[in-house]
Structure formats: C-alpha cells, structure tokens
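Taking it in order: structure first as structure tokens, then the write-up.
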Amino acid sequence: MQFLLENQKKELFDTFFESGNFCIVVVDHNGNVSYINESYCRFLEVEKHDAIGRHVTEVIENTRMHLVVESGKEEMADLQYIKGNYMIANRIPLYADGQMVGAFGMVLFRDTEEWLKMNSHIRELLLELKAYRSQKHESNGASYSLHHIISRSPVLEQLKDKTKQIAPTDVSVLIRGESGTGKELFAHSIHHLSERSSRPFVKVNCAAIPEHLLESELFGYQEGAFTGAKKGGKPGKFQMADGGTIFLDEIGDMPMSAQVKILRVLQEGEVEAVGAVQPQKVDVRIIASTHQPLEKLIAEQRFREDLFYRINVVQFHVPSLRQRTEDIPLLAKSLLLKITDRIGKRVEDFRDEVYESLMEYHWPGNVRELENAIEAAAHLTNSEEIQMRDLPEYIQPHSYQWEEDLSLKEILDQTEKRVIEKTLQKANGDKIKAAELLGIGKSSLYDKTKKYNL
Ligand SMILES: Nc1ncnc2c1ncn2[C@@H]1O[C@H](COP(=O)(O)OP(=O)(O)OP(=O)(O)O)[C@@H](O)[C@H]1O
C-alpha cells in the first residue's frame, strides 16, 4: 500500500510538473538549479542536463531565484523580462525542518503560445493607453509639472519657488539655458500652476518651421488666402492657444519678419491671419525659451530689441548640469527607474564608482544626454546594478596610457595638460573657478593654459 502511494506520488509529480505547460524551476540553498522541467528548458532553449547543477543566473535571464534564497522572502506575481517578453513569476523559498533549503519558481502562463497572445494583447492595451494619454496631452498640451523636475541643488529649488510665484500672474517669461537642461519642463509647470491650466498649452518650435510657413503656422490663414489653402482656412497656433499659453521654443531662431508680428500680438493682443481683412483678438500668455545669447543677436541685428524687452519680463536661467553636479545622483536614479519601468527590466541602482563617473563627466547635452546614457546602460547591463563597463565609453574614466619612449617630464606635462583641460570643462571655462578647484593661483593657471595652448 505504502509502495503504491509512493508510485502514485511520483506519477502525480510527473503529470503536474512535466506534462503540463508550466515552467518550473527549483534551486538549492546555493542558488544552483536542482530541478527544471521540460517546458521551461524548451522555452529557454537549454538542455535539461546542461541546466541542472549550474547557477540559476547562468540559465535564466534576469532571474531572482538566488536572491529569494538569500532573503527568504517570497515574491509573488513579479514581472520578469525573458527572451524579449514580460513574464509573471512566483518565487517561493523552500524550508525543511526550519532550515532554508532552496527556492521554487514558477512562470505563470500555460504555454508560450498563449502567453505570446496574452503578451501581444497586453501590449496592444498598453499602446491604446499610451494613445489616449497622448491625446489628452495634445488636447491640453502640458504634461509636466513641478514634481517631474527632479533636483536637490539650491539653484533649481529656487527656480521651482520662482515658478510658483510667477505662475498665477500673466507675465511673459523668458527661459534661458543650454539645450537639454529642462527649460520645457519649467514652461509646462508654469502653465500647470496658472489660472490658464485648463486651457491649451501650445508649443511652437521656432527652429523647426520653415520661414515661409511660419506666418501661417503662427497666425493661420483665411480660405482662399493662397493657392492650396484649405477650404474654411486654418487657425494658427495663437488662435489655438487662445485663453491659454503659447510656448515659443528656440525663439532666437525666429526670422525677423515673424518677430515683428509677434511683437504686435504682445502689444495689441491681436493676430492677423494670412489673407484676413480684420485682425482677431487673442488672449495668450507667452513663455519663450532660448539657448542663444539674445543680447549678441540684438547687437548683430538678428533679434529685435523691442521684442526682447517684451518677452523678458521675468527671466529664468536653468543652469547646465555640470553647474549643479549635486543633482546628478538623484536625477540618475530617478531616470533609471523611469526607464526600467518602461523597458520592463529589473535594474535598480548604479555602483558607487558609476555615480562618481556620472558626476565627473561634463554633460554637454545636459539631462537629455544623461537620460540617453542611462537608457543605453540599462539595456546593456546584465546585473541589477549598472557597472562602469555598461556606461557609454566616452563617459568612462580612461586610465591614462603614455607612450613608452616619452621622458618623465613629457609624461608629467601631458598629465598636467589633461587635468587642466578637464577642470576647465568642469568649471565651464571659468579660469578663476578652475584655479580654485585645482588649488593653484590664478596667474599660475594662466601661465599653464598659455603653455599648453588651452
Ligand atoms: N530636472 C529634471 N528632472 C527630470 N527630467 C528632466 C529634468 N531636466 C530635464 N529633464 C528631461 O530631460 C529632457 C530634456 O528636457 P527639456 O526638453 O525640458 O530640455 P530643454 O532645455 O527644453 O531642451 P531644448 O532646448 O533642447 O529644447 C526631457 O526628457 C526632460 O524630461
């Protein structure tokens, strides 16, 4: 009788674990695979005899089974990315006589075909959701607010305070700063916190619209204004933004002819569509941004001084990332979480030395470049913590190699030149600051930059 039960148990075990379409794995207390069923092997494209005895991380992509053995904590319905798909996994620690002996893992889907169908169904739903979200975004236009601006530097905190102060007023704002520093985030935030938040936020990328189309894009046209004009005419961006905010991105790139018209809107509060007989009243708040030195453009007669004074009522200057390195760790972590959430990969942090390198690099493309570098590293990494080798090469600190036939003096000169060069980049070309960072006198730094032609 006892023998029969044992046999039935084995049969039951085989029926359940082997003939079903479940993917099952069991690891021992060291995280080595002690059992894996055929379905899982087929899915992973591994041979069962090769998998058994190997550490689970060598067999299953992004697995956490070994971590469950370490922590003793079960993980239910956890999202795992394997072979280009999202899987849902349960991981349960196994105890015998009160001792942890391993862990049991199961991927929750009946067969890969079904999962693929389900996965594409979910993907479709996610795409739909994204489309609805972007429709909502387009209908209002401003999707970010202050809590999306990640920072800890006093200078950005002050800018956030300033945003709260000026948002409810109707003053024009000019946001300056290098490309990728977050100027658009501030423009969205100002709109969000203003009385106009339920009305449209319309962005105009002044650098992207060809000069001959700019006028009709901004102010619209009447039916029959020119050959090819749409029946019924077309409203311009200013009409679309009526009651709300218009964001003139890269205003420094706007042609002089359009600048005159913008000035008129600001002065008179009215726009004139191409081919229209009557001007039309509009009520818009203007936020403009630029990375260009407008004062220099004015001196070169490429930007109208009167327009500058009109838009420059309140000025925001968003500093470059290298001028607020204290923001980098927090930003990097938050961008990493945003990215891994999107790509469905479990990467939780950066190694300490990676944080250090991120803070050392000079980020000419600012937060946008940081975001791209982190995205690349998140895709490349094989572990839960981004390591130095996962970073794009140009960010990794290079161990200095010198040519063998150089004299010691030449090697020291080259090293000194590199250090000064890097420090000057870090100090944004400010020699006084660079001298301070290097702990040398101002005149000594001037001599050295002259010597090395920097
Ligand atoms: N403080 C921040 N916190 C979180 N994300 C940020 C921050 N600053 C910038 N970003 C992100 O960096 C990217 C660039 O930001 P944004 O487009 O606002 O920069 P910009 O200064 O307007 O650039 P450009 O002048 O090239 O238009 C965006 O993806 C934005 O979400």
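Whatever order the structure lists ligands and atoms in, that order sets their numbers, starting from 1. Side-chain atoms are counted along with the backbone in the values below, which use heavy atoms only and exclude waters and symmetry mates.
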Between [X] and [Y], do the side chains contain an N or O donor and an N or O acceptor separated by less than 3.5 Å?
| X | Y | answer |
| --- | --- | --- |
| S289 | D249 | yes |
| E70 | H66 | no |
| Y361 | E369 | yes |
| D253 | Q292 | yes |

Below 3.5 Å, N or O to N or O, backbone or side chain included: is there any such pair between [X] and ligand 1?
| X | answer |
| --- | --- |
| R368 | yes |
| I150 | yes |
| G182 | yes |
| R324 | no |
| E371 | yes |
| G180 | yes |

Pick, from V318, T290, L185, the option with the minimum heavy-atom distance to atom 7 (C) of ligand 1.
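Shortest heavy-atom distance from atom 7 (C) of ligand 1: L185.
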
query = Does NZ or CZ of K333 lie under 6.0 Å from the centre of the six-membered ring of F350, at an angle within 45° of the ring axis?
reply = no

Show me which atoms of ligand 1 lie under 4.0 Å from any heavy atom of [X].
| X | value |
| --- | --- |
| D249 | 27 (O) |
| H148 | 3 (N), 4 (C) |
| E178 | 21 (O) |
| L331 | 2 (C), 3 (N), 4 (C) |
| E250 | 25 (O) |

Nearest protein heavy atom to [atom], by residue and atom, and its distance?
| atom | value |
| --- | --- |
| atom 25 (O) of ligand 1 | K183 NZ, 2.7 Å |
| atom 22 (O) of ligand 1 | E184 N, 3.0 Å |
| atom 10 (N) of ligand 1 | V367 CG1, 3.3 Å |
| atom 26 (O) of ligand 1 | S179 OG, 2.6 Å |

[X] atom [atom1]: more than 12 heavy-atom contacts under 6.0 Å:
| X | atom1 | answer |
| --- | --- | --- |
| Q278 | CD | no |
| R346 | CZ | yes |
| E195 | CD | no |

Q) Is N366 touching ligand 1 with its side chain, its backbone, both, or neither, if touching means heavy atoms under 4.0 Å apart? A)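 The answer is neither.
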
In this structure, CD1 of I190 is separated from CZ of R285 (nearest 0.5 Å) by 6.0 Å

| query | Taking NZ, NE, NH1 and NH2 as the nitrogens, is one of them in E436 or K433 under 4.0 Å from a carboxylate oxygen of the other? | reply |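 K433 and E436: not salt-bridged.
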
Whether K338 and E371 form a salt bridge (side-chain N of Lys/Arg under 4.0 Å from carboxylate O of Asp/Glu) is what I want to check. yes

